[in-house]
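Labels below follow one simple rule: chain letters A, B, ... track the order of the sequence lines, proteins then strands, and each chain is numbered from 1. Heavy-atom basis, side chains included; hydrogens, waters and symmetry copies ignored. Predicted, not measured: the structure shown is a model, and the values here were computed from it.
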Amino acid sequence: MRLATWNINSVRLRMPIIAQFTESHKPDVLCLQETKVEDSKFPLEDIKSLGYEHVIFRGMKGYNGVAILSRLPLTDTGSRDWAGKEDCRHLAVDVDGKFELHNFYVPAGGDEPNPEVNEKFDHKLRFVDEMRDWFKSDRKASTPMVLVGDLNIAPLENDVWSHKQLLKIVSHTPIEVEKLTAVQNGLKWVDAVRAKIPEPEKVYSWWSYRSRDWQAANKGRRLDHVWVTAPLADKVTGVDIVKDARGWEKPSDHVPVIVDFDL
DNA sequence: ATGGTCGGTTGCCGA
């Protein structure tokens, strides 16, 4: 079983590269974030024509939005709102009775890493705190679960191009890393990508648009994650960061992150 | 220290 997560930055504009990716890498399940489309305008038929018969999506006009495309049956198991906003940042589904899958788009948090003056950063911190509390109180570490998405936090030193230079940059501040680590510790989630590609190797899934040459500068960050609970940890057979996708025609600023399972 | 580029509720806001 091949699972992928990809912040697509407008699902309608990216249909050509979604087709390119699904044809070249053939994921069984593809989780998208930042679809930026209300449900009535979601390109459902185009996606079904790529071979994904089972599709669940929650979107809003212009902002946020998440979707799961699957070749296997999906059942909604409690997609919900977080941090007091109805802003379409989460889906929870059962994948064919095999595992529970959570697809998240965590708030980016704005530029100023101070919750006293920046409401967006405060929202991000409250969102991650709520993830910690919800998974701790309601879930069991013995349940086969996968958590994916654009978590908008690069937790490890080698998840960014310069640890020292990004300590005060939103996505890599100590307070964000601490809170994300608390989510991870609650259910003893295993970071599937880092289990296969340990530090100190640099791993990035996002490169800013604001660069003349993203490849030459290579100032990336690992913002997109795949976590699994203990029952699935030894079933991960491989991971792939599809860096090529950053150079495709009309790219997203994020690239797909793939995890293969032997279930 | 600054500015750079995308997408869409476009001539701004969020990322």
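- Taking the charged nitrogens against the carboxylate oxygens, A:K124 and A:E176 do have a contact shorter than 4.0 Å, which makes a salt bridge.
- Of all non-hydrogen atoms in A:G59 and A:C88, the two that sit nearest each other are O-SG, 3.5 Å.
- A salt bridge is defined here as a Lys NZ or Arg NE, NH1 or NH2 lying under 4.0 Å from an Asp or Glu carboxylate O, and A:D191 with A:R222 meets this definition.
- Rounded to whole Å, the separation between the C1' atoms of B:dG11 and B:dC6 comes to 15 Å.
- Using a 4.0 Å cutoff on non-hydrogen atoms, the parts of residues 5-14 of chain A near DNA chain B are A:N9, A:S10, A:R12, A:L13, A:R14, ordered by number.
- By the side-chain contact (heavy atoms from CB on, under 4.5 Å) test, A:A233 pairs with A:V190, A:V228, sequence neighbours left out.
- Comparing A:R212 and A:P107, the nucleotide of DNA chain B nearest to each residue sits closer to the 5' end for A:R212.
- Comparing A:Y209 and A:N152, the nucleotide of DNA chain B nearest to each residue sits closer to the 5' end for A:Y209.
- Atom C1' of B:dT5 sits at a distance of 15 Å from the matching atom of B:dT10, rounded to the whole Å.
- Separation of the P atoms belonging to B:dG8 and B:dG3 is 26 Å when rounded to the nearest angstrom.
- The stretch residues 4-27 of chain A participates, sequence neighbours left out, in no salt bridge (charged side-chain N to carboxylate O under 4.0 Å, His left out) pair at all.
- Between the C1' atoms of B:dA15 and B:dG4, the separation comes to 13 Å (whole Å).
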| field | Worked check of ring pair (Phe, Tyr, Trp, His ring centres under 6.0 Å) between A:H102 and A:F135 | value | CA-CA 11 Å; A:H102 292 267; A:F135 280 103; 5.0 Å; yes
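- Residues A:Q33 and A:T5 have side chains that bring a donor and an acceptor to within less than 3.5 angstrom of each other.
- Applying the side-chain contact (heavy atoms from CB on, under 4.5 Å) criterion to A:D253, with sequence neighbours excluded, gives A:N9, A:W206, A:Y209, A:R246.
- With hydrogens and angles left out, the side-chain atoms of A:T181 and A:Q184 include no donor and acceptor closer than 3.5 Å.
- When heavy atoms are screened at a 4.0 angstrom cut-off, A:K250 is found touching the sugar-phosphate backbone but no base atom.
- When the options A:D81, A:D76, A:D39 are evaluated for a salt bridge (charged side-chain N to carboxylate O under 4.0 Å, His left out) with A:R58, the one that passes is A:D81.
- Here chain A contacts DNA chain B (any atom closer than 4.0 Å to a heavy atom, that is under 4.0 Å), and the contacts span B:dG4 to B:dA15 from 5' to 3'.
- A distance of about 27 Å separates the P atoms of B:dT2 and B:dG7, rounded to the whole Å.
- Against DNA chain B, the stretch residues 32-50 of chain A makes heavy-atom approaches under 4.0 Å through A:E34, A:K36.
- In this structure, the ring of A:W6 has its center less than 6.0 angstrom from the ring center of A:F21.
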